[in-house]
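See below for the structure under consideration.
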Amino acid sequence: MMPLTTLLMAKYSDILGGGFRSSTNYFEQIGRSAGLIPLNVFATVNNRFSLHESSPEMHASLEAEMLSDSIRTKLSRVRKSRAGEPTTVVFTRAGALLTLKLLLAVPRPETPYKATALGASALHANDFVESFDTTDLSSGLLPVVAEFAGTWELQNPREPGLLLRRSYYIYDCLLRQHEGIRALIERELHASIADVTFAGLPFGKFFPLLFGLHTAARNGIKRQLTSIVDGADVAAKAQISPEAFNTFAAAKARTIDEAKLTFGPIHNADEFRSRVENLAWTSDVRPFREKPLLLIPDGRYMVMDAQFLFENASAGLFWNFMHQLKESKARHLFSGYWGAVFERYTAELIGHYFPEVRTSVSYPGACADLLLE
């Protein structure tokens with residue numbers, strides 16, 4: 001990824017709109033992007049960013065393919081006028097996620113799309129998601145919070161290998177051995193902790209399937225420039241049954257009709273405006289995190305967000321238990337136990353590199369979790 005400080009979103013309002021954003025024009029551009037191809041294009045753009053690919057060459061390639069001649073000309077003029085300032089980019093992960101949400105929410109006639117409509121949509125999206133530019137903080141603390149809280153997670157993807165090893169260790173060596181958690185699961189779920197399922201699968205099948213799915217998606221995104229994967233192929237490579245994959249997909253995928261209801265439906269320009277001008281709605285990526293797969297009509301799956309898919313192996317472990325524990329008291333208890341497990345992991349990790357570290361060091365009036373002299 002290019003550092004955040006070097007990026008500045010190019011917005012429709014700055015490039016073409018004379019300083020004014022246009023939700024009506026945005027709605028029209030979305031309407032010109034019918035069918036699965038635009039969805040696949042924006043899912044793949046989004047996933048390229050989530051796989052740490054955001055080179056200047058990639059941005060130049062996207063612009064050459066999806067921006068009209070007039071937009072490229074005006075964008076070039078803007079860049080020349082800002083010589084020496086941060087690099088101006090059109091395509092961002094936040095903008096791609098918003099456009100994906102709108103493509104799924106707006107019913108569109110099945111008419112041939114134009115690639116330049118996708119480029120125009122990307123520019124419009126930047127008008128309605130937070131920019132990386134924090135030079136104007138005149139409206140108080142909120143811009144700072146919106147700027148960094150929202151973009152840090154989107155622009156700093158997790159490293160899959162490290163995440164997988166960490167999550168496996170926390171689950172297998174710490175969480176499953178925690179007496180309080182074991183007793184809580186047996187009491188509330190009437191099962192041993194080893195029998196708790198993840199997306200309908202035992203842990204031993206869930207983890208290899210998730211890793212296999214992520215690998216298949218990554219290869220498709222990088223080599224074929226597509227975010228569509230074949231479930232049967234993934235199941236075979238992960239050495240699990242197709243039925244096991246279908247069980248997983250039932251928990252992690254939506255159909256196109258279900259996605260339309262989740263994000264919309266948006267029937268007209270007024271409804272469109274009410275959504276895109278609501279910062280809480282435009283910045284809400286929880287539906288992609290909860291179900292990062294889209295079941296398409298031919299039975300294959302489109303990976304809407306590769307990072308959120310793979311994070312089922314980390315934060316997903318915690319939320320899997322929380323969703324199965326129905327009582328608020330049990331959830332609160334588990335949350336406390338999880339904190340203790342993660343604290344132990346942190347102490348072990350620091351202790352590995354600094355054997356001389358001391359833990360739970362008491363002193364008058366307080367206690368330090370870790371002390372390194």
Arg48 vs Leu225, test: side-chain contact (heavy atoms from CB on, under 4.5 Å). Steps then yes/no. CA-CA 9 Å; Arg48 291 289 290 269; Leu225 297 181; 2.8 Å; yes
Regarding Thr44 and Ser227, do their side chains bring together a donor and an acceptor under 3.5 Å, going by distance alone? yes
Using a strict 4.0 Å threshold on nitrogen-to-oxygen distance, state whether Asp305 and Arg93 make a salt bridge. yes
Using the rule that two of Ile, Leu, Val, Met, Phe, Trp, Tyr join whenever any of their side-chain heavy atoms come within less than 4.5 Å, decide whether Val361 and Ile350 are in one cluster. no
What I want to find out is whether Asp14 reaches Lys11 closely enough, with some N-O distance under 4.0 Å, to be called a salt bridge. no
Could you tell me whether Glu258 and Lys291 have a side-chain N and a carboxylate O separated by less than 4.0 Å? no
Can you tell me if CH2 on Trp281 sees more than 12 non-hydrogen neighbours from other groups inside 6.0 Å? yes
Scan side-chain atoms only and decide if Gln177 and Arg182 contain a donor-acceptor pair under the 3.5 Å cut-off. no
Set out, in order, the CA-CA distance, both residues' side-chain angles and the distance that settles side-chain hydrogen bond (donor to acceptor under 3.5 Å, both in side chains) for Ser22 and Thr24, then state yes or no. CA-CA 5 Å; Ser22 172; Thr24 301; 4.9 Å; no
Please check if any side-chain donor atom of Ser23 sits under 3.5 Å from a side-chain acceptor atom of Arg273, or the reverse. yes
Kindly check if the number of other-residue, nucleotide or ligand heavy atoms within 6.0 Å of CD (Glu348) is above 12? yes
Geometric cation-pi criterion, Arg344 with Tyr169: 6.0 Å, 45°: no
